[in-house]
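Some notes on the structure that comes next.
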Protein chains: 2
Amino acid sequence: MQDITIGSKFWIEKNGQFFLGKGRVELLKAVRETGSISAAAKIMNMSYKKAWESIDTMNALADQPLVERKTGGKGGGGTVVTEEGEKAIQLYEELIQNSTVFVESETEMLAQ
Amino acid sequence: MQDITIGSKFWIEKNGQFFLGKGRVELLKAVRETGSISAAAKIMNMSYKKAWESIDTMNALADQPLVERKTGGKGGGGTVVTEEGEKAIQLYEELIQNSTVFVESETEMLAQ
DNA sequence: TTTCGTTATTTCCGTAAGGAAATAACGCCA
DNA sequence: TGGCGTTATTTCCTTACGGAAATAACGAAA
C-alpha cells in the first residue's frame, strides 16, 4: 500500500511574476563563486542564454539589482552578486527550510 | 518594495511517480458529477486524450482503481468514481487545506 | 442484428521551449 | 592600437508536448 509521498515546490513572486526559485538561487550562488555568468552556467549545466535571461529578469524585477555585470575590461568582464542578491538568497533559503519541516510533518500524517 | 508573494505547488506521489495533483482531482470530481470521461474532459476544457491518460495512470498506480470504466452497453458506457477514488479526493484536499495555512503564515513572515 | 454513445487507441500536425552557435560590443592592458 | 575574454544578442534548428480528429471496440437494448 505504502511508498506514498508528498511532492512540493516553492518559489517567490514579485508583482505576480516568477522571481526566485530553486534554479535561480543556485545560479546566483554559482555566480558568487565564479564571478562570471558563463562559468556559472557551465557549472549548472545550463545554456548561457538561459542563465543570462534568468539573471536579467531577476534584476529587472528586484528593486535593486541582484548582480552587477561588467562588459569588457580586465579579463573581459565579470559579474558580482550584490548585497541585495545575498539577501535574496537568504530569503529563499529560509522559506525552503520552513517548508521542509512542513512537508515532513505532512508526510507523517499520510503514513497514518 | 512590496507585492512579494509565495507561490507553491503540492502533489502526491506513488512509488516516486506523480499520482494526484490539482488537475487530476478536479477531473475525478467532474467524472463523479457527469459519469463520463468525455463529458468531464469537456467541462475541464481538456482534451479527451489527456483526461483518459490521466485516469489510466492514476488507476494503474493505485492499489484499487479510482474509477471503474464501462465500454459499450446502455448509453454507450460510462465511468464511475469508486470508494477508493473518493478517499483519494479527500486525501488531497486535506493536504491542500493544511498547505494553505502554511503558505499564508509564511507569506506574513515575508511582509515583515 | 442494428443502433447508439461511450470508452479505447492511433495518427498527424502545429506550436512552443530551449539549446547551440555565430556574432557583436565592450573596455582594460600590454 | 590590437588582443583578450567576458557579456550581450540574434539566428537557426531540433525536439517534445499536447491537441484534434479519425477510427475501432464494445455491449446493452430495441
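Note on naming: letters A, B, ... go to the chains in the order of the sequence lines (proteins, then strands), and numbering restarts at 1 for each one.
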Any side-chain donor paired with an acceptor under 3.5 Å for Ser36(B) and Thr34(B)?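 The criterion, which ignores hydrogens and geometry beyond distance, is not satisfied for Thr34(B) and Ser36(B).
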
Please check if the distance between the ring centroids of Phe102(B) and Phe10(B) is under 6.0 Å.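 Phe102(B) vs Phe10(B): aromatic centres not under 6.0 Å.
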
Contact summary for Trp52(A) and Arg69(A), nearest pair of heavy atoms: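 Looking at all heavy atoms of both residues, the shortest contact is NE1-NH1, 3.2 Å.
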
Taking the side chain of [X] as heavy atoms from C-beta outward, which of [options] is closest to it?
X	options	value
Tyr48(B)	dA8(C), dT6(C), dA25(C)	dA8(C)
Lys74(B)	dA29(D), dC28(C), dA8(C)	dA29(D)
Ser47(B)	dA8(C), dA20(D), dT7(D)	dA20(D)
Thr71(B)	dA8(D), dA25(D), dG19(C)	dA25(D)

Both Gly75(A) and Met46(A) contact DNA chain C. Which one's nearest nucleotide lies toward the 5' end?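 The residue mapped nearer the 5' terminus is Met46(A).
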
Please determine if a side-chain N or O atom of [X] lies less than 4.0 Å away from the OP1 or OP2 oxygen of [N].
X	N	result
Ser36(B)	dT7(C)	yes
Thr79(B)	dT6(C)	no
Ser38(B)	dT7(C)	yes
Arg69(B)	dT6(C)	no

Give Lys49(B) one of three labels, base, sugar-phosphate or nothing, depending on what nucleic acid heavy atoms sit under 4.0 Å from its own.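 Here Lys49(B) touches the bases of the nucleic acid.
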
Expressed as a whole number of angstroms, how long is the span from [X]:[atom1] to [N]:[atom2]?
X	N	atom1	atom2	result
Asn45(B)	dG19(D)	CG	C1'	11 Å
Lys42(B)	dG19(D)	NZ	P	15 Å
Lys70(B)	dT7(C)	NZ	C1'	13 Å
Ile37(A)	dG5(D)	CD1	P	18 Å
Glu53(B)	dT11(C)	CD	C1'	14 Å
Trp52(B)	dA22(D)	CH2	P	20 Å

Give me the ring orientation class for Trp11(A) and Phe18(A): parallel if the planes are under 30° apart, tilted from 30 to 60°, perpendicular past 60°.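 Plane angle between 30° and 60°, so tilted.
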
Just to verify, which of Leu28(A), Leu61(A), Ile55(A), Val81(A) counts as forming a side chain to side chain contact (heavy atoms under 4.5 Å, CB included) with Leu66(A)?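 Result for side chain to side chain contact (heavy atoms under 4.5 Å, CB included) with Leu66(A): Leu28(A).
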
